[in-house]
Amino acid sequence: MIWQERWQRSLMNNYGTPPLLIVRGTGSRVWDDTGKEYLDMIAGIAVNAVGHAHPAVVKAVSDQLSTLGHTSNLVATKEPIELAERLLALLRAPGDARVFFCNSGTEANEAAFKLGRLTNRVHVVVAQGSFHGRTIGALSWTAQPAKQDPFRPLPGEVTVVPFGDADALAAAVRATTAAVVLEPIQGEGGVIVPPVGYLRRAREICDTHGALLMLDEVQTGIGRTGEWFDFQREAITPDVVMLAKGLGGGFPIGACIAYGRAASFFGPGSHGSTFGGNPVACAAALAVLKVIEEGDLVTRAATLHEVLATGLVARGNGLVTSVRGRGLLLAAVLGSDRGPELESAAREHGILVNAVLPNAIRLAPALTITDTDIADLLGRWDLATAQVVR
Ligand code: PMP
């Protein structure tokens, strides 16, 4: 039996049958079961921040697993303390900020959802096209009808406003608003960058009404957009930040960081996670942060944006009209809805990308992508786009 049949007979169909069986990876390259090599330009959907099988992460995880793999939160371990301190320093958070660890992006948002409830207000404002996760709380913030409708009723009182429109946000927030929840750049929504100053306006609007500003940095965080956290370019202080994806470099981990009054909303018993703060996951994250810092990969992510943006258009054979995004979170925008076709042509030519919209191809490569990887990518991109326009 070939693997697709086994997949279909054993796994739920919520992803559809995948086109590839990947068996190993190193850096920005992965190989399938037939030995074919691919440049992994989606990197686990913005997860493999330091590439596949980075020696420092492999060592950190192996050392930790052979020392202490798991305890539960009935006792403390050193790794989550060290990681929380490190994240608070990178966030340049005030001394009153605190971290809650979980295992995924949706759980980070779920923790934020519960913090919101502890304001004793239930109204939340989110942006059209947002993505905050698939569990029921986070799904109520994911303003995409196709994903929400089968699961209604969803909790809460949620107002949806156009993304990037600060006036619409100002009109929606009121004295009973618990939180405004925003991605600094909408990832799943199609790599949509809001106008400069949007988050700063959001901060002011929240302050006017005593609402919490919650920023979902699950996809944008950990250096990807050329800042450690994308909101830092607007020099604001949020109330809550949600992290996951790149933080563990491929090891499952999420974090919800709260500042000020929100940092003390959870007391003993209000929330928890058996695996949250697992020492192996925290060791992986500490290794990822160290690799990024020592390689100055945040600066490199910022620098490489222009190289990729220019190359993807120049080698796009007229199919690519522009590139949007920041740092190493990019979308190649097509003049037509041939994204799915280009995604599969790219795969044929040894590139893994994702048609995030019918007319946009998302790239979110590892921050460790090399100049050789980029040269190979652009050569293959030329062939793939030529095949689609032919
Ligand atoms: N928030 C954002 C901004 C995301 O991009 C995602 C995942 N695409 C999530 C939350 C959910 O993360 P997870 O799949 O780890 O639950």
Side-chain angles (χ1 to χ4, degrees), residues 19-20 22-32 34-57 191 222-226 246 249-250 288 291-292 294-335 338-339 341-356 360-390:
L20 287 183
I22 296 296
V23 295
R24 76 186 170 89
T26 173
S28 283
R29 293 174 198 244
V30 294
W31 286 264
D32 72 11
T34 70
K36 180 174 168 180
E37 180 214 87
Y38 300 84
L39 283 159
D40 186 0
M41 293 298 111
I42 192 68
I45 315 187
V47 166
N48 302 103
V50 297
H52 295 273
H54 193 288
V57 180
V191 189
I222 321 296
R224 173 155 302 281
T225 69
V288 167
V291 170
I292 293 175
E294 287 179 356
D296 197 12
L297 300 182
V298 182
T299 308
R300 186 163 162 79
T303 310
L304 289 181
H305 182 85
E306 210 42 51
V307 178
L308 279 167
T310 308
L312 291 167
V313 174
R315 310 291 286 274
N317 289 293
L319 196 59
V320 183
T321 55
S322 61
V323 168
R324 61 178 179 236
R326 262 202 288 265
L328 290 175
L329 180 59
L330 313 99
V333 182
L334 315 182
R338 302 183 82 176
E341 230 179 303
L342 179 54
E343 177 188 312
S344 72
R347 190 157 58 237
E348 268 177 57
H349 290 280
I351 306 171
L352 299 185
V353 285
N354 151 253
V356 66
I361 295 282
R362 175 174 45 177
L363 289 88
L367 277 49
T368 51
I369 187 172
T370 65
D371 293 346
T372 308
D373 294 331
I374 292 176
D376 288 356
L377 164 71
L378 296 177
R380 295 180 195 186
W381 181 256
D382 199 344
L383 298 173
T385 50
Q387 180 174 315
V388 172
V389 294
R390 197 173 52 217

Checklist line | Candidate pair L363 and L312, rule side-chain contact (heavy atoms from CB on, under 4.5 Å), full reasoning | finding: CA-CA 10 Å; L363 289 88; L312 291 167; 4.0 Å; yes
Item checked: side chain to side chain contact (heavy atoms under 4.5 Å, CB included) partners of E348, counting only residues at least two apart -> Q387
Counting only pairs under 3.5 Å, give me each side-chain donor-acceptor contact of residues 38-46, with atom names and distances, residues two or more places apart or in other chains.
residue, atom, partner, partner atom, Å
Y38, OH, D32, OD2, 2.8
D40, OD1, I42, N, 3.3
D40, OD1, A43, N, 2.8
D40, OD2, H52, NE2, 2.7

Note to self: So does V307 get a backbone contact from the side chain of T310, meaning a donor-acceptor N/O pair under 3.5 Å?
What the structure shows: no
Next item on the list: Might you point out which heavy atoms bring V313 and V320 nearest each other, and give the distance in Å?
Entry: CG1-O, 3.8 Å
Margin query: Test of understanding: with side chain to side chain contact (heavy atoms under 4.5 Å, CB included), list the residues that count as partners of V356, not counting sequence neighbours.
Written below: N354, A360, R362
Note to self: What's the separation between atom CD1 in I369 and atom CZ in R29, rounded to the nearest 0.5 Å?
What the structure shows: 9.0 Å
Next item on the list: Work out which heavy atom in K36 is nearest to a heavy atom in H349; give both atom names and the distance.
Entry: NZ-N, 4.4 Å
Checklist line | Heavy-atom pair of closest approach, residues V191 and G325 | finding: CG1-CA, 3.6 Å
Checklist line | Passing candidate, side chain to side chain contact (heavy atoms under 4.5 Å, CB included) with S28, options D376, T372, D373 | finding: D373
Note to self: Please check: side-chain N/O of R380 versus main-chain N/O of G350, any donor-acceptor pairing under 3.5 Å?
What the structure shows: yes
Item checked: Minimal non-hydrogen separation, R300 against D371, with atom names -> NH2-OD1, 3.2 Å
Notebook entry, point to check: Once you round to the nearest 0.5 Å, how far does CH2 of W381 lie from CD1 of I374?
Noted result: 14.0 Å
Next item on the list: Tell me, with the steps shown, if I361 and E343 meet side-chain contact (heavy atoms from CB on, under 4.5 Å).
Entry: CA-CA 7 Å; I361 295 282; E343 177 188 312; 4.3 Å; yes
Notebook entry, point to check: Taking all non-hydrogen atoms of both residues, which atom of A301 and which atom of L367 are closest, and how far apart?
Noted result: CB-CG, 4.4 Å
Check: When rounded to the nearest 0.5 angstrom, what distance separates CZ in R324 from NE2 in H305?
Finding: 11.5 Å
Checklist line | Residues that T299 engages under side chain to side chain contact (heavy atoms under 4.5 Å, CB included), provided they are two or more places apart | finding: D296, T303
Check: What are the two closest non-hydrogen atoms of V298 and G223, and how far apart are they?
Finding: CG2-CA, 3.9 Å
Next item on the list: Could you list the residues that satisfy salt bridge (Lys or Arg N to Asp or Glu O under 4.0 Å) with E294, not counting sequence neighbours?
Entry: K290
Checklist line | side chain to side chain contact (heavy atoms under 4.5 Å, CB included) partners for V47, two or more places apart | finding: K245
Item checked: Given T225, V353, L304, L308, the one that forms side chain to side chain contact (heavy atoms under 4.5 Å, CB included) with L330 -> L308
